[in-house]
Number of protein chains: 2
Amino acid sequence: MEVLKEMFQHQIPSVSDTELSDFLSLWTIKRQLKRHEYLYGRGREQQHLYFIQKGAFKIFHETEDLKELIVGFGYKHTLLLDLPSFVTGLSSIYRIQALRQSTLIGIHQRDFYSFMEKCPPLATYWRQQIELALLSRLEREIDILIDSPQKRYERVLQRSPILFQEIPHKFIAAYLRMTPETLSRLKRF
Amino acid sequence: MEVLKEMFQHQIPSVSDTELSDFLSLWTIKRQLKRHEYLYGRGREQQHLYFIQKGAFKIFHETEDLKELIVGFGYKHTLLLDLPSFVTGLSSIYRIQALRQSTLIGIHQRDFYSFMEKCPPLATYWRQQIELALLSRLEREIDILIDSPQKRYERVLQRSPILFQEIPHKFIAAYLRMTPETLSRLKRF
DNA sequence: CATAAAACTTGATTCAAATCAAGAATTAGG
DNA sequence: CCTAATTCTTGATTTGAATCAAGTTTTATG
């Protein structure tokens with residue numbers, strides 16, 4: 001809770017102390033997930049926003065033939081949510097699975113949105129977050145369109161070195177649109 | 001101009017007639033582009049929002065080795081902009097090129113944003129457009145992560161059949177992360 | 001801390017899509 | 001409407017990453 005408070009203090013400096021306390025009091029959902037556990041069932045809507053206190057997650061789309069297309073990860077001390085489901089309220093196209101034992105605290109979308117209405121700094125913050133998410137997705141589109149596995153690897157390694165410390169490389173390989181064998185060979189140089 | 005007016009009347013029904021007229025009067029930029037012409041120079045910031053009255057465009061990222069990674073298209077009677085540059089004000093990571101003779105009308109970002117401040121329905125509309133752009137990019141991410149060229153083709157054909165009528169297939173092939181030869185062979189079935 | 005499970009590495013082989021090539025069809029524009 | 005330029009198709013060949021396989025290292029957890 002303390003870390004979450006610091007994060008918001010840092011990212012939304014214009015929010016007052018009392019507002020922040022009120023806001024944090026809405027983060028009532030506590031969850032503990034074991035390795036391999038899913039954050040929610042297949043195809044359910046997922047209208048929670050979580051903060052990862054401990055652990056790591058993979059976010060992926062499951063194709064009809066049960067292949068996993070990994071679209072992102074969640075690490076310690078960052079927010080975790082099913083963005084399309086959170087925004088639209090529709091059932092999710094993603095699954096989110098714990099990569100190791102993890103603890104989360106969360107807030108429901110309706111509580112978040114209703115607090116946003118009476119707290120303009122939070123509204124501004126959230127609008128910026130959506131814009132940033134869009135921009136980062138445009139960068140990622142370039143990442144995965146590049147032909148050469150070598151270049152894809154270099155680009156992401158440069159931008160997100162943390163990834164390679166936090167996440168098993170076989171998942172990073174899928175994220176980079178290659179096999180673990182290919183990634184392993186690239187790392188040699 | 002008439003078509004643009006109808007589009008906004010349809011998409012922002014809550015906006016008043018006088019407001020709409022005021023807004024449209026800010027669309028003062030007129031441009032004519034010949035085939036192969038660029039909307040703006042390499043790496044320039046691009047803070048205009050355009051409406052395509054006639055023509056078609058490709059939006060692509062140019063890699064260091066001058067390969068073109070196509071990230072989207074613009075068609076008749078839709079909006080055209082360099083989204084990351086428009087939102088951040090930074091210089092663009094994309095180039096936009098006319099695929100045939102085209103005419104555009106445009107508005108500068110500062111005029112658009114300042115009108116948004118005094119027109120809440122436009123602000124709401126724009127926020128929704130950003131969210132929609134994000135959601136469509138998440139769908140696209142899945143599109144291009146899929147291994148099989150066949151499946152990538154089917155998915156996009158199903159969702160955007162118009163594409164295949166408006167745009168030369170060699171560009172669609174690049175958009176789908178395959179060669180024109182591969183796309184041609186897929187179309188046989 | 002022991003041991004079972006998971007992840008990673010490395011080499012050999014396969015295979016699907018890229019490349020190369022050339023002719024046919026379509027489109028642009030004077 | 002004609003001609004040149006561009007795009008599309010189809011076949012032959014090449015190639016680079018996937019797959020297969022097996023051994024090694026690392027990590028999880030009772």
Side-chain angles (χ1 to χ4, degrees), chain A residues 32-37 54-58 60 63 65-70 73 76 97-103 143-157 163-189, chain B residues 32-37 54-58 60 63 65-70 73 75-76 97-103 143-154 156-157 163-189:
Chain A
Q32 286 265 18
L33 282 92
K34 286 200 280 257
R35 199 154 97 107
H36 299 143
E37 256 192 284
K54 201 186 100 189
F57 293 83
K58 68 175 201 245
F60 62 98
T63 62
D65 51 339
L66 301 184
K67 294 238 172 98
E68 297 187 357
L69 305 179
I70 296 190
F73 302 98
K76 193 167 87 160
Q97 191 182 31
L99 298 179
R100 46 189 125 95
Q101 182 158 305
S102 305
T103 60
D143 290 344
I144 46 185
L145 280 175
I146 290 172
D147 269 338
S148 137
Q150 171 87 49
K151 295 242 176 67
R152 292 202 299 277
Y153 167 63
E154 286 166 4
R155 246 179 94 91
V156 173
L157 175 61
L163 201 71
F164 293 81
Q165 289 148 32
E166 291 284 324
I167 307 289
H169 288 196
K170 66 168 187 161
F171 299 124
I172 298 179
Y175 181 69
L176 289 174
R177 192 164 73 67
M178 64 184 73
T179 59
E181 292 92 335
T182 297
L183 179 58
S184 173
R185 285 183 248 265
L186 287 174
K187 283 186 294 188
R188 276 196 289 195
F189 310 100
Chain B
Q32 287 263 18
L33 283 92
K34 286 202 279 261
R35 198 156 98 106
H36 298 144
E37 257 193 283
K54 202 186 99 189
F57 293 83
K58 68 173 200 248
F60 62 98
T63 62
D65 51 340
L66 301 183
K67 295 242 172 95
E68 297 187 356
L69 305 180
I70 295 190
F73 301 97
Y75 334 89
K76 193 167 85 160
Q97 190 182 32
L99 298 179
R100 48 186 123 97
Q101 183 159 302
S102 304
T103 61
D143 290 344
I144 48 184
L145 279 175
I146 291 171
D147 268 338
S148 139
Q150 172 86 48
K151 295 241 175 68
R152 291 201 300 276
Y153 168 64
E154 284 166 5
V156 173
L157 176 61
L163 201 72
F164 293 81
Q165 288 146 32
E166 291 283 324
I167 307 289
H169 287 196
K170 68 168 186 162
F171 300 122
I172 298 178
Y175 181 70
L176 289 174
R177 191 163 73 68
M178 64 185 72
T179 59
E181 291 93 333
T182 298
L183 178 57
S184 175
R185 284 183 248 266
L186 287 174
K187 284 187 293 188
R188 278 197 289 197
F189 311 98

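All chains are named by letter (A, B, ...) in the order of the sequence lines, taking the proteins before the strands, and each is independently numbered beginning at 1.
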Under 4.0 Å protein heavy-atom contacts per nucleotide of nucleotides 22-30 of chain C, with B for base, S for backbone only and - for none
------SS-
Which nucleotides of nucleotides 17-24 of chain D have their base under 4.0 Å from a protein heavy atom (B), which only their sugar-phosphate (S), and which neither (-), written as one string 5' to 3'?
SSBBB---
Find the distance [X]:[atom1] to [N]:[atom2] and express it as a whole number of Å.
X         : N       : atom1 : atom2 : value
Leu176(B) : dA17(C) : CG    : C1'   : 14 Å
Gln165(A) : dA7(C)  : CD    : P     : 19 Å
His169(A) : dT26(D) : NE2   : C1'   : 12 Å
Lys170(B) : dA18(C) : NZ    : C1'   : 17 Å
Ile167(B) : dC8(D)  : CD1   : C1'   : 16 Å
Phe171(A) : dA6(C)  : CZ    : P     : 11 Å
Gln97(B)  : dT6(D)  : CD    : C1'   : 14 Å
Ile146(B) : dA17(C) : CD1   : P     : 13 Å

Atom pairs and distances, donor-acceptor, side-chain atoms in residues 175-183 of chain B, under 3.5 Å, two or more places apart:
residue	atom	partner	partner atom	Å
Arg177(B)	NE	Ile144(B)	O	2.9
Arg177(B)	NH2	Ile144(B)	O	2.9
Arg177(B)	NH2	Ile146(B)	O	3.1
Thr179(B)	OG1	Thr182(B)	N	3.3
Thr179(B)	OG1	Thr182(B)	OG1	3.0

Can you tell if the side chain of Gln32(B) reaches within under 4.5 Å of the side chain of Lys54(B), non-hydrogen atoms only?
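They are not in side-chain contact.
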Main chain of Gln97(B), side chain of His36(B): is a donor-acceptor contact present, judged purely on distance under 3.5 Å?
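Side chain of His36(B) to backbone of Gln97(B), a donor-acceptor pair under 3.5 Å: no, none is there.
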Residues in ring pair (Phe, Tyr, Trp, His ring centres under 6.0 Å) with Phe171(A), at least two apart?
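Phe171(A): no ring pair (Phe, Tyr, Trp, His ring centres under 6.0 Å) contacts found.
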What residues form a ring pair (Phe, Tyr, Trp, His ring centres under 6.0 Å) with Phe60(A), not counting sequence neighbours?
none
Axial bend angle, the helix from dC1(C)-dG30(D) to dG30(C)-dC1(D): five-pair end segments, nearest 10°
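Terminal axis comparison yields 70°.
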Please identify which of these residues, Arg152(A), Arg155(A), Lys151(A), meets the salt bridge (charged side-chain N to carboxylate O under 4.0 Å, His left out) condition with Asp143(A).
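Checked Arg152(A), Arg155(A), Lys151(A) against Asp143(A); only one passes salt bridge (charged side-chain N to carboxylate O under 4.0 Å, His left out): Arg155(A).
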How close do [X] and [Y] get, counting heavy atoms only, and between which atoms?
X         : Y         : value
Ser102(A) : Phe57(A)  : CB-CZ, 3.5 Å
Gln150(A) : Glu154(A) : NE2-OE2, 2.7 Å
Pro168(A) : Leu99(A)  : CD-CD1, 4.3 Å
Ala98(A)  : Lys34(A)  : CB-O, 3.6 Å

Go through it in stages, so that I can follow the logic: the residues are Tyr75(B) and Ile167(B), the test is side chain to side chain contact (heavy atoms under 4.5 Å, CB included), and I'd like the CA-CA distance, side-chain angles, deciding distance and then a yes or no.
CA-CA 9 Å; Tyr75(B) 334 89; Ile167(B) 307 289; 4.2 Å; yes
OP1 or OP2 of dT9(C) less than 4.0 angstrom from a side-chain nitrogen or oxygen of Lys187(A), does that happen here?
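Answer yes for this pair, as a side-chain N or O of Lys187(A) is under 4.0 Å from OP1 or OP2.
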